[in-house]
Each structure stands twice: as structure tokens, then as C-alpha cells.
Amino acid sequence: VRHFIEPNSFSLNEQLALLDLADRMEKDPAPYAHLCDGRILATLFYEPSTRTRLSFESAMLRLGGKTLGFAGAQLSSASKGETVEDTVRVVSNYADIIAMRHPKEGAPLRASMYARVPVINAGDGGHAHPSQTMIDLMTIRQRKGRLDHLTIGFCGDLKFGRTVHSLTAALSQFEGNRFVFISPEDLRLPRYVKTESLEPTHQVYKETDDLETELPGLDVLYMTRIQQERFFSEEEYLRLKGCYQLDEDMLKLAPLDMPVLHPLPRIDEIKLDVDNDPRAAYFDQVHNGVYIRMAIILALLGIPNPVTGKIVLNGK
Ligand code: CP
């Protein structure tokens, strides 16, 4: 059984095949509408979500399958002390595939060791969010036509930002990318992301707290929210919230073809006046989310593309 816990759970070729499949389904979903007839997706969400849970469910429904699950640990037997390991052993009897979000880093990985069906990490604490990363790659490729030789600015909460950690890992697989990490000193990228993702392939990166100075040199800007739920102290959060607020005036400094991505939800880090700018790509990401998650489900269930006959994951 294959699982999707981090971007590199799939090889680079598998990731690219997944993006191609999502692109195909986005253009013409009809041939895929019954591929999951009779299959069930379980969404086990121990932490709040709008996009990830609903788009996984939408993806399974659009493939002809069904869904079950819980949104909030208080509505499951986790509230009585049941472990993640026991929960997935149980749910493996009810579903063919599991998407799990959990506030603890590593919980989906632990779940995958006990599940009899594929487990998808739908976000674990401040660690990883690989399905969001595939959405981000799809959106960048659509906007820029490539995933290499790009200068990508990541801005905001880079310490707890799991989407940043996973996208950094994914983009470091491609040649010639430059990484600009823009954050307050206290929210810098964790050391382990540098040692695991950037340093082994000698990626070029810099760290700064100055967004405006960097904007003219960026090919892609990835904004993130300052995540109140990850802070240990309210005082610390209040000190850092609102530290970056992108608006139309600031965007005048940026190239006209620099997409602005954000995994959402946003608070105030992208002002509403940016929404009508052609560079705003965050609702494209939302749109792409359904097709990426359809592709992830098909890949992990080993269901071939009926149009090409190809499967996404080797060895299935
Ligand atoms: N992008 C994302 O993970 O959003 P949700 O928290 O709403 O799922």
C-alpha cells in the first residue's frame, strides 16, 4: 500500500504524472466520472479545515465514490482517548482510502503504519501538507509554464507554515530555482527544512524581513497567514500579526507576470484590492484543488487513466 505523507512520498516522475492527470481532468472531467464507483473515502479531520476536507470529498464524489468521516476530534472517539493508530485500524474496515488532518506532526505517518488502506496527509501540525503542494505546483506551472529556474518568494509565517515546508521540498527537486524567505526573525524557516530540502542539492536561498525590496526580483510570490493556533503565547502572536500586508500599491513594485499564491485562509496579509489584480492566483489554487485531489485518489487506488491507460504510481 502506498501513502502520501510528504511530497517525496512520490518520486519526481510520479509527481509530474499526477500534475498531468490533474490538468487533463480539469480540461475534461467526463471520462473520470465513474472511476471510483463503489469506493469510499474517509476524511478524518482532527483540526479545522474548509478547503482540504471539502475538496477531498468533492473529488471523491466527482469520481463517482462516496465519503464518510468526522470534522473535529470532539465528534470522534478521540475525545474518549482513542489513538490515531486504533482509529485507522478501525476505519480501514469502512473505507478504501483515508485523508487525515491532525494538529500533531507525524500523526498521519504513524497512521500509515497501521492502516490497511492508503493514507493521505491532509496537513499535520507545522510539518507538511503535500496535497496543497501539488496544487501549488499545478498553479505555478499553469501561470509560469515551468517549475524550474524560478525565483520564489515565501512570505509570512515560515516557521509553522507547513505549506511552505512542503513546497520548498518540492521546488528544490527542480534545477535553477532560487528561494527568498521573507519573514520576521522569529518566524524564520526551520533548520530541518534547510538541511533536508535545500542543502543536499545546494539550492540558492536568502533570508530577509523586507518584502518590498524583494518584490521586483520575484517570479512567484507565496504569501502565508500568521497562524494564531500555532503560537504558544497570545502576546507573541499579537506582536507578529499583521506584519506583512500586500496591497495594490505594493504590487506596483512587482513584475506584471508574478503570480501571487496563498494556500488560504487569509486574514489581512493580502488586502481585498489585490483580488481583482490578474496576478492574484489564490482562487485558481482553490479551483485546482479538486482536480489534484481527484488525481491523488486515483493514483493511490491504482486506477489507470481511461484515456491514456497510464497509472500515476510505478509498481502498482
Ligand atoms: N489550504 C488549506 O489547507 O485550507 P484549509 O485549512 O481550509 O483546509
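These figures come from a predicted structure and were not determined experimentally. We use all heavy atoms of the structure for the numbers below, so side chains are in, but hydrogens, waters and symmetry mates are not. When a ligand or atom number is given, it counts from 1 through the structure's own listing order. Along the sequence shown, the residues carry numbers beginning at 1.
Within the set R51, Q285, R101, the minimum heavy-atom distance to atom 6 (O) of ligand 1 is found for R101.
Side-chain atoms of D275 and Y282 form a donor-acceptor pair, as typed in the model, at a separation below 3.5 Å.
Each of the atoms 5 (P), 7 (O), 8 (O) of ligand 1 lies under 4.0 Å from some heavy atom of T50. The distance from ligand 1 to the heavy atoms of T52 drops below 4.0 Å at these ligand atoms: 2 (C), 3 (O), 4 (O), 5 (P), 8 (O).
Under a cut-off of 6.0 angstrom, the local environment of CZ in F174 is crowded, with over 12 non-hydrogen atoms contributed by other residues, nucleotides or ligands.
For the residue pair A99 and F45, the shortest heavy atom distance occurs at O-CE1, 3.7 Å.
The shortest N or O to N or O distance between H129 and ligand 1 is under 3.5 Å. Between L264 and ligand 1, at least one pair of N/O atoms sits closer than 3.5 Å.
Looking only at side-chain heavy atoms (C-beta outward), M60 and R39 come within less than 4.5 Å of each other. A 4.5 Å side-chain heavy-atom check between L167 and F154 finds at least one atom pair inside the cut-off.
Nearest protein neighbour of atom 1 (N) of ligand 1, counting heavy atoms only, is P263 O, 2.9 Å.
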